[in-house]
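Structure record follows, encoded as structure tokens.
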Amino acid sequence: MSVRTRFAPSPTGFLHIGGARTALYCWLEARHHGGQFILRVEDTDRERSTDEAVQAIIDGMQWLGLEADEGPVFQTARLERYREVAEQLRADGKAYYAYESREQIDAMRAEAMSRGEKPRYNGYYRDRDEPYRDDPNRVLRFKNPQSGSVVFEDKVKGRIEWSNSELDDFVLFRSDGYPTYNFAVVVDDIDMGITAVIRGDDHVNNTPRQINVYQALGATVPVFAHLPMILGADGQKLSKRHGAVGVMQYREDGYLPEALLNYLVRLGWSHGDQEIFSVDEMVRLFDIAEVNASAARFDMAKLGWLNQQYLKSQDPASIAPELEWHLQRIGIDPTSGPNPAAVVTALCDRVQTLKDMAERARVWYSPITEWDDKAVKKHLKSVTAPKVLDAALQALGELGDWQVEAIHGVVARVAEQLELGMGKVAQPLRVAMTGTQVSPSIDQTIYLAGRDVALHRIKHALDLSHAD
RNA sequence: GCUCCCUUCGUCUAGUGGUCCAGGACGCUGCCCUCUCAAGGCGGAAACACGAGUUCGAGUCUCGUAGGGAGCACCA
């Protein structure tokens, strides 16, 4: 039987980092075994589910390249099916109607708490066999086994045993006619032929009661793998106020999907000492059983390092379109300057994100608007600066082949002729080109400016070097 | 309160009873390289939560303690 996994988010917000990792692990597990990965939208909470959230989740998965083989399947489209299965359970005597009001339930819980027990339903209607009544308080409850225990071998957490005496008769169908999560998931996972349920470990506690439903239905219980959560840098749960942003925010912040995927796969899983994994390698090497059981913190510094590894190792031409996207985002027309691929080559050793790269590429796409006073004073007002600029202006103007190599030759010759060190030559030119003391190597910096702009800027710098 | 889960350098992790005075990576840091900034190269500091037990031998097994987390809904 082929491996089938599913990612089942509830559409109440964007695809956050934890969800993205869950989706990745589900996707990898399916791909690794040549199985199927299914997207299911758990939208039975009508109050909080939105179409925008559904779209945001799909967008996020698409950006990461985690395409589903089936779905999205919406739970709200399957209501009839849940009713059918619930009715079957009721007819088999494995579920029953209960009519307590909310107040009665609350009182029941409070009483249990006061006895030092966990808040539970007391099973008042369990054996009463009350018929269906049109009552606003009517719910359908599951007859959970009252003795024995549920044991399962979690792929991540190991063996987990749960005594049935800890479980109560939970609600299958709410009074509003919608199924509860614990019931709908089981029906869905059975119908979809899910063989491995991979989800956040906040669901560990739900698993025993879900297994009881599988058994009541005579279905095969799938394999479970509960993933530990991802914490913020401070060790606290990711919340809206720190770090809980959608994956698309990472695109906006200048990260490559490959880098995020790589970071996520290593957060809780490893393969020896290897740090860099292409998607193909992940698919080949990933094994859900090797995932760690403990929670991990999200470390932006390492994500940044990884992102740069990808910036450096991938073909500049393949990164260029993404850089163009970022240039446009900050109001730069990518056609108004050098080929973005050449910019990637020049800056990939110097930035960790495409957002920073776009920002630093600005000098080649639009006029210099700010001059760093210290840079001007130190490198343009020096005694040798005018000579350097003048010689460079001359030589670059006569240069036939506007290429990095040729420009490098020009700069070197100027240094040689004036008997100056490279520092004395490169720095004035750098300030001339960028208005600052920091940029890629001087040959690349000049090359990217283009001949016209380069000559124009050197002339302007010459003026500045003479001015008081 | 009850049940369940987790615990190796600051962080992500390797480690499945001896090969561990604990390895790698990020970060930090020293040196080298160098036209700036980076990148790169070579070094360094830095961890088995604690206590018992099992064993000839424990980071690795067992039990307790402490700390952290999740759940106990007609929310998923």
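Below, chain A is the first sequence line, B the second, and so on; all start at residue 1.
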Measuring only between side-chain heavy atoms, which start at C-beta, is A:Q308 closer than 4.5 Å to A:S313? no
Using Watson-Crick or G-U wobble geometry with both distances below 3.5 Å, tell me the partner of B:U34, or none. none
Side chain to side chain contact (heavy atoms under 4.5 Å, CB included) for A:I446 and A:V404? Distances and angles first, verdict last. CA-CA 8 Å; A:I446 293 172; A:V404 177; over 6 Å; no
Would you tabulate the pairs of protein nitrogen or oxygen atoms and nucleotide nitrogen or oxygen atoms of nucleotides 68-71 of chain B closer than 3.5 angstrom?
unit_1	atom_1	unit_2	atom_2	d
B:A70	O2'	A:N205	ND2	3.4
B:G71	O4'	A:N205	ND2	3.0

Output one letter per nucleotide in nucleotides 39-50 of chain B: B when a protein non-hydrogen atom lies under 4.0 Å from the base, S when only the sugar-phosphate is that close, - when neither is. SS----------
Whether A:F152 and A:F224 hold their rings parallel, tilted or perpendicular, with breakpoints at 30° and 60°: perpendicular
A:F173-A:Y82 aromatic ring centre distance below 6.0 Å: no
By nearest-nucleotide position on RNA chain B, the 5'-leaning member of A:E166 and A:A293 is A:E166
Using purine N1 to pyrimidine N3 plus N6-O4 or O6-N4 for Watson-Crick, or N1-O2 and O6-N3 for G-U wobble, each under 3.5 Å, what pairs with B:A58? none
Please determine, for B:C26, whether a Watson-Crick or G-U wobble partner exists with both distances under 3.5 Å, and give it or none. B:G10
Going by atom types alone, do A:N164 and A:N212 pair a side-chain donor with an acceptor below 3.5 Å? yes
What about the rings of A:F298 and A:Y263, do their centers lie closer together than 6.0 Å? yes
At 4.0 Å (heavy atoms only), tell me whether A:R141 reaches a base, stays on the sugar-phosphate, or touches nothing. sugar-phosphate
Give me the distance, rounded to whole Å, that separates B:G15 from B:C20 when you measure between the P atoms they each carry. 14 Å
Answer yes or no: is there a side-chain heavy-atom contact under 4.5 Å between A:D443 and A:E405? no
Please give the distance between the P atoms of B:C5 and B:G41 as a whole number of Å. 44 Å
Strictly under 3.5 Å: I want the nitrogen or oxygen pairs between protein and nucleotides 59-66 of chain B, one per line.
none

Ranking A:L303 and A:V156 by the position along RNA chain B of their nearest nucleotide, the one closer to 5' is A:V156
Please give the nucleotide sitting opposite B:A39 as a Watson-Crick or G-U wobble pair, both distances under 3.5 Å, or none. none
Polar side chain donor-acceptor pair, A:S441 to A:H408, under 3.5 angstrom: no
Measure CD1/A:I105 against P/B:C75 and give the value in whole Å, please. 12 Å
Look for any protein N or O under 3.5 Å of an N or O in nucleotides 8-16 of chain B and output each such pair with its distance, or none.
unit_1	atom_1	unit_2	atom_2	d
B:C12	OP1	A:R297	N	3.0
B:C12	O2'	A:R266	O	3.0
B:U13	OP1	A:G268	N	2.6
B:U13	O3'	A:S270	OG	3.1
B:A14	OP1	A:S270	OG	3.1

Quick one: label A:N137 by what it contacts on the DNA or RNA (base, sugar-phosphate, nothing), any heavy atom closer than 4.0 Å. base
Is there a side-chain contact between A:P179 and A:L172, using heavy atoms and a 4.5 Å cut-off? no
Rounding to the closest angstrom, what is the interatomic distance between B:A49 and B:G68 at atom C1'? 11 Å
Quick one: which of B:G27, B:C4, B:C74 gets closest to the side chain of A:R102? B:C74
Within the structure shown, what part of the strands sits under 4.0 Å from A:V139 by heavy-atom distance: base, sugar-phosphate, or nothing? base
Looking at A:E117 and A:R115, does any basic side-chain N land under 4.0 Å from a carboxylate oxygen? yes
For A:Y178 and A:D45, does a side-chain donor sit closer than 3.5 Å to a side-chain acceptor? no
Across the strands shown, which category fits A:T44 at heavy-atom distances under 4.0 angstrom: base, sugar-phosphate, nothing? sugar-phosphate
Please check this pair: side chain of A:R126 against backbone of A:A95, looking for a donor-acceptor N/O pair closer than 3.5 Å. no
Integer angstrom distance from the C1' of B:U13 to that of B:U8: 9 Å
Can you tell me how the ring of A:H271 sits relative to the ring of A:F277, calling it parallel under 30°, perpendicular over 60° and tilted otherwise? perpendicular
For B:C2, give the paired nucleotide (Watson-Crick: N1-N3 plus N6-O4 or O6-N4; G-U: N1-O2 and O6-N3; both under 3.5 Å), or none. B:G71
Working to the nearest 0.5 Å, report the span between CZ of A:F74 and CG of A:D43. 6.5 Å
If you compare every side-chain N and O of A:R209 against the phosphate oxygens of B:C72 (OP1, OP2), does one of them come in below 4.0 Å? no
Are any of A:R109's side-chain N or O atoms less than 4.0 Å away from OP1 or OP2 of B:A73? yes
Would you say the rings of A:Y99 and A:Y125 are close, in the sense that their centroids are separated by under 6.0 Å? yes
Roughly how many Å apart are B:A47 and B:U7, using the C1' atom of each and rounding to a whole number? 12 Å
Each nucleotide N or O in nucleotides 32-35 of chain B that has a protein N or O under 3.5 Å away: list the pair and distance.
unit_1	atom_1	unit_2	atom_2	d
B:C35	O4'	A:G423	N	3.4
B:C35	O2	A:R430	NH1	2.9
B:C35	O2	A:R430	NH2	2.8
B:C35	N3	A:I442	N	3.2

Answer yes or no: does atom OH of A:Y447 have more than 12 heavy-atom neighbours from other residues, nucleotides or ligands under 6.0 Å? no
What nucleic acid atoms does A:E42 come within less than 4.0 Å of, heavy atoms only: base, sugar-phosphate, or nothing? sugar-phosphate
Does the ring center of A:F170 lie less than 6.0 Å from the ring center of A:F142? yes
Output all residues satisfying side chain to side chain donor-acceptor pair (under 3.5 Å) with A:Q417, sequence neighbours left out; order by chain, then residue number. none
Applying the 3.5 Å cut-off to both distances, the Watson-Crick or G-U partner of B:G64 turns out to be B:C50
